[in-house]
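Report on the structure given below.
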Amino acid sequence: MIKVLFVCLGNICRSPLAEAIFNDKVKKLGIGPYFKSDSAGTSDYHIGELPDERTIKCAQVNNIKINHRGRQVNRIDFREFDYILAMDHQNLQNLNLMKSKYGFEQKEIFLIRDFVEGSQGNPVPDPYYGGEEGFHEIYRILDEAIDHFLNTIQERHQIYA
Ligand code: 4NP
């Protein structure tokens, strides 16, 4: 079982949407049972909350199931998850500080767009203070990034239906 954690700041917009897109793709590929996924935030701002209503709407429009409650990244996550994927540089920096504090210096954390050739180093922009169109934009970005991430790990771990 390969365990994948998606991380943003609030865990109500980007990372729960990423988790939902990932779950939908592995299910459609017939490889769902090989994976466990979750999402979390670096902040404690929205612990216990449902995803933002614009996130829920975006998932509905794209016909994917979203089912998550906000939670904060914790020490156990660095041990538990094989792949920890950050949405932007601020999340990445915070995760790298946390991992050192908790004794997981050797754990590599990735930016989710690092799996897309030509988009390495680019963030998934924070849509929280913008309008609804920002959610269409992050959906497109995440859909592409997750396709590339899945290709990479399917090949690396030889996971095929
Ligand atoms: P997310 O978006 O990190 O993609 O979930 C945000 C959600 C909430 C806040 C910022 C970003 N906030 O400041 O409360």
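Counting convention: from 1, in listed order, for ligands and their atoms alike. Not measured: the values here are computed from a predicted model. Values reported hereafter were calculated over all heavy atoms of this structure, with side chains retained and with hydrogens, waters and symmetry mates removed.
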Plane angle bin for Phe115 and Phe149 - parallel if under 30°, tilted between 30 and 60°, otherwise perpendicular: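 Perpendicular: the ring planes of Phe149 and Phe115 meet at over 60°.
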message: Show me, by chain and number, every protein residue that has a heavy-atom distance under 4.0 Å to ligand 1.
response: Cys8, Leu9, Gly10, Asn11, Ile12, Cys13, Arg14, Tyr45, His46, Asp126, Tyr128, Tyr129
Distance-only criterion, 3.5 Å: show the donor-acceptor pairs between side-chain atoms of residues 154-161 and protein atoms not counting sequence neighbours.
{"residue": "Gln154", "atom": "NE2", "partner": "Ile159", "partner atom": "O", "Å": "2.8"}
{"residue": "Arg156", "atom": "NH1", "partner": "Tyr83", "partner atom": "OH", "Å": "3.1"}
{"residue": "His157", "atom": "NE2", "partner": "Tyr83", "partner atom": "OH", "Å": "2.7"}
{"residue": "Gln158", "atom": "NE2", "partner": "Glu155", "partner atom": "O", "Å": "3.0"}

field: ILVMFWY network linking Tyr139 to Phe22, side-chain heavy atoms under 4.5 angstrom
entry: yes
- request: Would you mind listing every salt bridge (charged side-chain N to carboxylate O under 4.0 Å, His left out) that reaches into residues 93-114, with sequence neighbours excluded?
  value: none
message: Under the salt bridge (charged side-chain N to carboxylate O under 4.0 Å, His left out) definition, can you give me all pairs with a residue in residues 56-83, not counting sequence neighbours?
response: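 Qualifying pairs: Lys3-Glu80, Lys36-Glu80, Asp38-Arg71, Lys57-Glu132, Arg71-Asp77.
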message: Between Thr42 (side chain only) and Asn91 (backbone N and O only), is there a donor and an acceptor less than 3.5 Å apart?
response: no
